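The structure presented is a predicted model; accordingly, all values stated were derived computationally and were not measured.
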Amino acid sequence: MRIALLGDIALFGDNTVENKTIKEKFASIKAVLTKCDYIVGNLESPLTRCKHTIGGKSAYLKGAPDNVAILKYLGVSHVTLANNHMYDYRLQGLKETIKVLGENGIEWYGINGKSARISSQRNEITLLGYCCYSTNAKGMGVINVLDPAQIEQELENNKSALQIVSLHWGEEHVHFPNYDHIKVSRKLCKDREIIIHGHHPHVIQGIEEIEKSIVLYSQGNFCFDDVYTKKSADPLISLSEDNQESFVFILDIHESQINGYEIIPFSFQKGVYEIAPIVKDKILKWSEALKIKENEYKKKRHSDLTKYIEGRKSLRNLEWYIKRLNFDSLKMIISARNNKQKYNEIVRRYIL
């Protein structure tokens, strides 16, 4: 059995059925995916026509329900909904997304404790999905919360199957995973054979083999576009070169065990998907970084994170700050503090 894992999928902007060349855009990557039995990704944008946002966020993502046709064209069979944008348009947007996926034969998981199961070719696979408080998500509780202690219990309850654990976690646009999450991964993988399918940073992070397990800290964006808000004619986030590089991770599974894997690196910088061998070199680079001793690693990560933050600050002027002096911004600050406290209680406590 061959299962393909994909990064963040957002069906808006250029990645919609309104783009008349959408099939041509994805042609090369579809040729890769057709060789797989199942395809699993992180659906980052709700598929809804709801216009009412949850509030207290800097950006909201959604795509029209018709865009589910892109998932079907690519052969996507399963999606995790445990991420920080799935509740952007409230419970109504989430419910509509679930309805659309169900009507089109796409299995979902990561909401209200739901997992998914693949039983085929003498293989038993369980798909689990969770979102971390580090992403400042709304709707946590409806969205499965990344609680490592509870995940351990789930792993014990499903020991008869190979388990793929989708984790939405970390900080955006940083190639070095949060070291807390490295510790969580190494603890979860100890004496187990699991796959951790990581996403949220929107850039590639390294791959780590831990005993019999494999950890993909972040696959970057499978498909994404510039993010706009109502506050400016300019995009809040413009896709960088790093944001437009990713990889398909193909697992070869035999009798519910990992038999091997393949990495297919690609880029979509020119408006179409192209297989890009140079991206594989970058994956290897970020994977090697995971071997650095903790103190040195944290210094390098801090430098990477600071560089990104300073770059964002350089784009802001007085008008930018004035537009954000409102109740919604206050809600964001309060929410971020609450999420940090919950993160410390759940994740930090686990690794101490």
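- Using modelled atom types, one side-chain atom of Ser246 and one backbone atom of Gln219 make a donor-acceptor pair closer than 3.5 Å.
- In this structure, the side chain of Gln244 engages the main chain of Ser240 through a donor-acceptor pair within 3.5 Å.
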Steps toward side chain to side chain contact (heavy atoms under 4.5 Å, CB included) verdict (Glu24, Val272): CA-CA 7 Å; Glu24 290 82 355; Val272 295; 5.9 Å; no

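- Side-chain atoms of Lys57 never come within 3.5 Å of backbone atoms of Lys138 as a donor-acceptor pair (strictly under, hydrogens ignored).
- Partners of His197 by ring pair (Phe, Tyr, Trp, His ring centres under 6.0 Å), not counting sequence neighbours, listed by chain and number: His199.
- Every pair passing salt bridge (charged side-chain N to carboxylate O under 4.0 Å, His left out) that includes a residue from residues 145-164 is listed here, sequence neighbours excluded: Glu156-Lys159, Glu156-Arg192.
- Applying the side chain to side chain contact (heavy atoms under 4.5 Å, CB included) criterion to Glu124, with sequence neighbours excluded, gives Arg117, Ser119, Ala161, Ser256.
- Side chain of Asn221 to main chain of Asn243: a donor-acceptor pair is present (N/O by atom type, distance under 3.5 Å, no hydrogens or angles).
- Nearest heavy atoms, Val203 versus Ser218: O-OG, 2.7 Å.
- Here the side chain of Asn83 pairs a donor or acceptor atom with the backbone of Leu43 at under 3.5 angstrom.
- In terms of modelled atom types and a separation under 3.5 Å, the side chain of Ser267 and the main chain of Glu274 share no donor-acceptor contact.
- Within the structure, every pair that satisfies the ring-ring contact (aromatic ring centres under 6.0 Å, His included) test and touches residues 266-293, not counting sequence neighbours, is listed here: Phe26-Tyr273, His175-Trp286, Phe176-Trp286, Phe222-Phe266, Phe222-Tyr273, Phe266-Tyr273, Phe268-Tyr273.
- Every pair passing salt bridge (charged side-chain N to carboxylate O under 4.0 Å, His left out) that includes a residue from residues 334-352 is listed here, sequence neighbours excluded: Asp180-Arg348.
- Judged as a ring-ring contact (aromatic ring centres under 6.0 Å, His included), not a single pair has a partner in residues 50-76 (not counting sequence neighbours).
- A distance-only check finds no donor-acceptor pair linking the side chain of Arg2 to the backbone of Ile250 [under 3.5 Å].
- Smallest separation of non-hydrogen atoms from Asn112 and Gly141: OD1-O, 4.4 Å.
- No donor-acceptor pair under 3.5 Å is formed between the side chain of Asn42 and the backbone N or O of Gly7.
- The shortest side-chain heavy-atom distance between Lys212 and Ile258 does not fall under the 4.5 Å cut-off.
- Ile207 is listed as a side-chain neighbour of Ile263, based on a closest heavy-atom distance under 4.5 Å.
- No donor-acceptor distance shorter than 3.5 angstrom exists from the side chain of Glu96 to the backbone of Thr48, with no hydrogens or angles considered.
- Annotation for Gly129 and Tyr109: closest pair N-CD1, 3.5 Å, computed over non-hydrogen atoms.
- No donor-acceptor distance shorter than 3.5 angstrom exists from the side chain of Asn259 to the backbone of Asp252, with no hydrogens or angles considered.
- Expressed to the nearest 0.5 Å, how far CG of Asp14 lies from CG of Asp225 amounts to 5.5 Å.
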